[in-house]
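In what follows, a structure is listed as structure tokens, so that the remarks can point back to it.
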Amino acid sequence: PTICMGATLPLLARQFTADVNRSGSSIGTLYMINTLGAVLGTFFSGFYLIPYLGLRTTVFIAVAVNLVIMGLILLLCKGESIRFKLQGLFRKTREIQGRRWVLYVYFICGFTGLAYEVIWNRILTLHLGSSVYAYSIMLVVYLLGITLGAGLMSYFVSRIKQPVALFAIIQGLLALDLILMVNQFEHLPEMINTFLGMMVGEGFASYVLALFISTLQLLILPTILFGASFPLAVRLYVQRKDELGEEVGVLYAVNTFGTILGAFFAGFLILPLVGAQRGMLLLGSMNLMVAIYLALKSRWKITVKWLAIRLSLVLFFRGYHFLTRKNQVLLSAQIFSDSEDSKVKLLTCDEDIYATVAVEERQSVRGTWKQLSLNGMNVAGTSSELFTIQKLQGHLPLMMHPTPKSVLHIGFGSGGTAWAVSRYPVDRITIAEISRSVIEKASKYFHEINHGVLEDPRVKVVYTDGRNRVLADPETY
């Protein structure tokens, strides 16, 4: 299905672009309309179709819409046949070779765009939670900004005299916005509370609207800049009417390949190795390097080029050094901040592939206790109620089974449940835990809860998702 999705834009671009000199405007408009559909699809799926109809019915509705579109197109194209011209399919002219730099630039745009989204999503889970509604809000805002950017640039792109220079400015603004965004994340909890206070009523709709507005003011500028890049790239790369569909397809494919690598590197390398904030700094540096490259290719005077390059380097690196703090985007999350009821001291925080794992020490009128959190959600701790729950989760099923022999424990937490299970004469205890950081933090900070149960020879830790373990494991428990 995703191959079919990717094939639609080049076909539509070839069909509806009459003047190649206005390709940036016409194809950019198609891109805007397509992305607007993605905004509406995300919104209705996340807030209405999935909650009220379920995943299966939502998928069937999408399939039905695709079939209706196919039927309408077949009626409009009645009597026409599909013809493929294989001759010269892989031929590249010197003219295209001379514009290949646009592909490299737009590849990096795709890489940074999706890498930013992955990192933003990880940070926003600390502020918005990890529900389908929170993810839908982030994705709607992301796509809405791209829609607005593509629409605005499509309107003006044919009148721009120096598109390369404007492309350089857009990339430079993306880099400099990093400094603003880091500080916006710090004030996001206050912003959410402010908008909540302005809402009429205290229902779920008011809460979602407050989260949407807060996320919008945070992500709207960079996403508009993302969207504005596509019409510019089309104008710079697409030059030949007879090869318009092919050139649009190549440009779109290169950008999409960049998004694939960006999502992969952000999730599996950047976040676990350097963390969210330094990851954003790395991506911002890439945007800045692209801006410098484009500035050098632009038609600006040489003095203007070097002045712009020196100024952007100073503003970016000096601004980041003086106007931001280490791990500011994480430490500013409300879950790590003091409240009226309790004081919070962050003991440790790791960003691994699967989650942001934190251990906090909390103090209130009830006393002092430690808490283990994944993506801002409390999963275990040393408070009396958490300790009791963890023990009961282990004792109750073992007490109800006549002869327990093999136990599957999904999610280690602080290890209190595993310790309770180990008090019974079972043969094997398999712990399915997706995050290595949870095991490390539990061993170091919650020994009084788990009593070193991982050293029990009957215990085996399997680093995997619990649901996959149940589905794929031939063993019964």
Side-chain angles (χ1 to χ4, degrees), residues 125 129-131 335-336 341-342 344-350 352 354-477:
T125 56
S130 55
S131 67
I335 59 167
F336 300 140
D341 301 326
S342 64
V344 181
K345 178 183 178 182
L346 184 63
L347 300 179
T348 184
C349 183
D350 273 357
D352 69 7
Y354 301 102
T356 300
V357 182
V359 178
E360 313 111 49
E361 183 178 84
R362 295 179 175 267
Q363 184 177 6
S364 69
V365 293
R366 297 186 301 159
T368 302
W369 71 94
K370 286 180 289 188
Q371 177 174 296
L372 178 68
S373 300
L374 270 69
N375 287 335
M377 182 177 295
N378 172 22
V379 297
T382 61
S383 63
S384 57
E385 68 274 16
L386 289 173
F387 185 44
T388 302
I389 291 171
Q390 292 165 61
K391 289 195 297 183
L392 287 175
Q393 286 175 339
H395 286 300
L396 287 178
L398 271 295
M399 292 171 63
M400 296 173 68
H401 197 289
T403 56
K405 296 297 180 182
S406 181
V407 178
L408 175 64
H409 175 20
I410 298 176
F412 187 67
S414 62
T417 301
W419 166 251
V421 172
S422 71
R423 299 300 87 202
Y424 294 82
V426 298
D427 297 332
R428 295 182 304 279
I429 304 173
T430 302
I431 298 172
E433 173 56 59
I434 197 169
S435 173
R436 291 181 181 272
S437 294
V438 170
I439 299 294
E440 295 169 2
K441 298 297 177 287
S443 301
K444 183 175 181 180
Y445 292 94
F446 295 95
H447 190 272
E448 71 272 28
I449 300 294
N450 58 60
H451 303 280
V453 68
L454 294 175
E455 299 174 5
D456 191 316
R458 296 172 298 167
V459 174
K460 176 185 177 182
V461 178
V462 180
Y463 293 102
T464 185
D465 175 69
R467 182 175 182 272
N468 290 339
R469 182 69 183 182
V470 172
L471 292 174
D473 194 352
E475 184 179 354
T476 56
Y477 298 92

From CA spacing to verdict: side-chain contact (heavy atoms from CB on, under 4.5 Å), Val359, Phe446: CA-CA 10 Å; Val359 178; Phe446 295 95; 4.0 Å; yes

For [Y], does its backbone N or O pair with a side-chain atom of [X] as donor and acceptor, under 3.5 Å?
X      : Y      : value
Asn378 : Ala380 : yes
Arg469 : Thr464 : no
Lys441 : Leu372 : no
Thr417 : Gln390 : yes
Asp427 : Ser406 : no

[atom2] on [Y] to [atom1] on [X], rounded to 0.5 Å:
X      : Y      : atom1 : atom2 : result
Arg428 : Tyr477 : CZ    : OH    : 7.5 Å
Asp465 : Ser435 : CG    : OG    : 12.0 Å
Trp369 : Ser364 : CH2   : OG    : 3.5 Å
Tyr463 : Phe412 : OH    : CZ    : 9.5 Å
Leu347 : Glu360 : CG    : CD    : 8.0 Å
Leu454 : His447 : CG    : NE2   : 9.5 Å

Exercise: do Ser422 and Asp456 side chains pair donor with acceptor under 3.5 Å: no

Flag for Glu448-Thr382: side-chain donor and acceptor within less than 3.5 Å: no

More than 12 heavy atoms of other groups within 6.0 Å of [X] [atom1]:
X      : atom1 : value
Arg467 : CZ    : no
Arg436 : CZ    : no
Glu385 : CD    : yes

Verdict with reasoning, Thr125 to Thr356, per side-chain contact (heavy atoms from CB on, under 4.5 Å): CA-CA 9 Å; Thr125 56; Thr356 300; 5.7 Å; no

Chi angles and distances behind the side-chain contact (heavy atoms from CB on, under 4.5 Å) call for Trp419, Ile449: CA-CA 8 Å; Trp419 166 251; Ile449 300 294; over 6 Å; no

Determine the minimum heavy-atom distance between [X] and [Y], stating which atoms define it.
X      : Y      : answer
Ile431 : Ala418 : CD1-CB, 4.1 Å
His395 : Ala420 : NE2-CB, 3.8 Å
Ala358 : Leu346 : CB-CD1, 4.0 Å
Ala432 : Leu408 : CB-CD1, 4.3 Å

Beyond-backbone contact of Val426 with Lys405, side-chain heavy atoms, under 4.5 angstrom: no

Contact check, side chains of Thr430 and Asp473, non-hydrogen atoms, under 4.5 Å: no

Val357/Glu440 under side-chain contact (heavy atoms from CB on, under 4.5 Å): CA gap, chis, key distance, verdict: CA-CA 10 Å; Val357 182; Glu440 295 169 2; over 6 Å; no

